[in-house]
K.L.:
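What follows is a single structure, and I will ask about it in a moment.
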Amino acid sequence: QVQLRESGGGLVQAGGSLRLSCAASGRTFSINAMGWFRQAPGKEREFVAAISWSGDKTYYADSLKGRFTISRDNTKNTVYLQMNNLKPEDTAVYYCAASDSFPRSRMGDYDYWGQGTQVTVSS
């Protein structure tokens with residue numbers, strides 16, 4: 001089993017920045033990629049970004065390229081999501097997920113999920 005714990009969410013004004021963290025523990029040797037997803041109230045969960053466990057491959061939702069950056073720290077088994085120039089429409093619960101493959105945006109191919117962290121962007 002792999003456990004994922006997100007942190008770093010909070011309340012920020014439009015135009016501000018936040019960095020989310022996702023710490024993985026347990027059978028981390030089975031992880032090949034990690035991703036971030038988000039779910040706004042009343043909406044379906046959507047893909048944000050993904051990164052290979054080695055960090056050499058990244059993949060983003062087209063609408064978020066240029067504002068969001070995914071990265072990882074191998075020494076800490078942690079993946080980050082740097083979010084800049086935040087907008088009210090970025091308000092959502094952000095979830096971290098892990099996979100034994102590299103499914104990019106295919107939500108159903110992620111094996112493990114965190115509990116989520118709330119991001120609220122005020123106008």
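Just so you know, these numbers use all the heavy atoms, side chains as well, and skip hydrogens, waters and symmetry mates.
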K.L.:
Report the distance from atom SG of C22 to atom CZ of R72, rounding to the nearest 0.5 Å.
P.N.:
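CZ of R72 is found 10.5 Å from SG of C22.
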K.L.:
Do R19 and Y80 meet the cation-pi criteria used here (NZ or CZ under 6.0 Å from the six-membered ring centre, within 45° of the axis)?
P.N.:
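Yes, R19 sits over the ring of Y80.
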K.L.:
If you measure from OG1 on T117 to CZ on R38, what distance do you get to the nearest 0.5 Å?
P.N.:
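One finds 14.0 Å between OG1 of T117 and CZ of R38.
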K.L.:
Below 6.0 angstrom between ring centroids: does that apply to F102 and Y59?
P.N.:
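No, too far apart.
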K.L.:
Rounded to the nearest 0.5 Å, how far apart are CD of E89 and OG of S63?
P.N.:
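One gets 10.0 Å once the value is rounded to the nearest 0.5 Å.
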K.L.:
So how far is it from Q118 CD to Q39 CD, rounded to the nearest 0.5 Å?
P.N.:
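The distance works out to 11.0 Å.
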K.L.:
Using 30° and 60° as the class boundaries, would you call the ring planes of W113 and Y95 parallel, tilted or perpendicular?
P.N.:
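Rings of W113 and Y95: perpendicular, over 60°.
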K.L.:
Please give me the minimum heavy-atom distance between Y110 and G35, naming the atom from each residue.
P.N.:
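The answer is CE2-N, 3.7 Å.
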K.L.:
List, by chain and then residue number, the residues other than W53 in its hydrophobic cluster (Ile/Leu/Val/Met/Phe/Trp/Tyr, side-chain heavy atoms under 4.5 Å); write none if there are no others.
P.N.:
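So far as hydrophobic clustering goes, W53 is joined with V2, L4, V12, L18, L20, I31, M34, W36, V48, I51, Y60, L64, F68, I70, V79, L81, M83, L86, Y94, Y112, V119, V121.
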K.L.:
Measure the OG1-CZ distance between T78 and R5 for me, rounded to the nearest 0.5 Å.
P.N.:
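It is 9.0 Å, given to the nearest 0.5 Å.
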K.L.:
Which heavy atom in A14 sits nearest to a heavy atom in S123, and how many Å separate them?
P.N.:
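Closest heavy-atom pair between A14 and S123: CB-CA, 4.3 Å.
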K.L.:
Do N84 and S17 have a side chain donor and acceptor closer than 3.5 Å?
P.N.:
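N84 vs S17: donor-acceptor pair found between side chains.
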K.L.:
Distance from R67 atom CZ to Q82 atom CD, nearest 0.5 Å?
P.N.:
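Atom-to-atom, R67:CZ and Q82:CD are 12.0 Å apart.
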K.L.:
Return the set of residues passing salt bridge (charged side-chain N to carboxylate O under 4.0 Å, His left out) with K76 (not counting sequence neighbours), or none when no residue passes.
P.N.:
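Salt bridge (charged side-chain N to carboxylate O under 4.0 Å, His left out) list for K76, sorted by chain: empty.
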K.L.:
Which residues pass the side-chain hydrogen bond (donor to acceptor under 3.5 Å, both in side chains) test with S52, not counting sequence neighbours?
P.N.:
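Residues passing side-chain hydrogen bond (donor to acceptor under 3.5 Å, both in side chains) with S52: S54, D56.
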K.L.:
Within the side chain of D109, is there an N or O that forms a donor-acceptor pair under 3.5 Å with the backbone of S99?
P.N.:
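Between the backbone of S99 and the side chain of D109 there is no qualifying donor-acceptor contact (under 3.5 Å).
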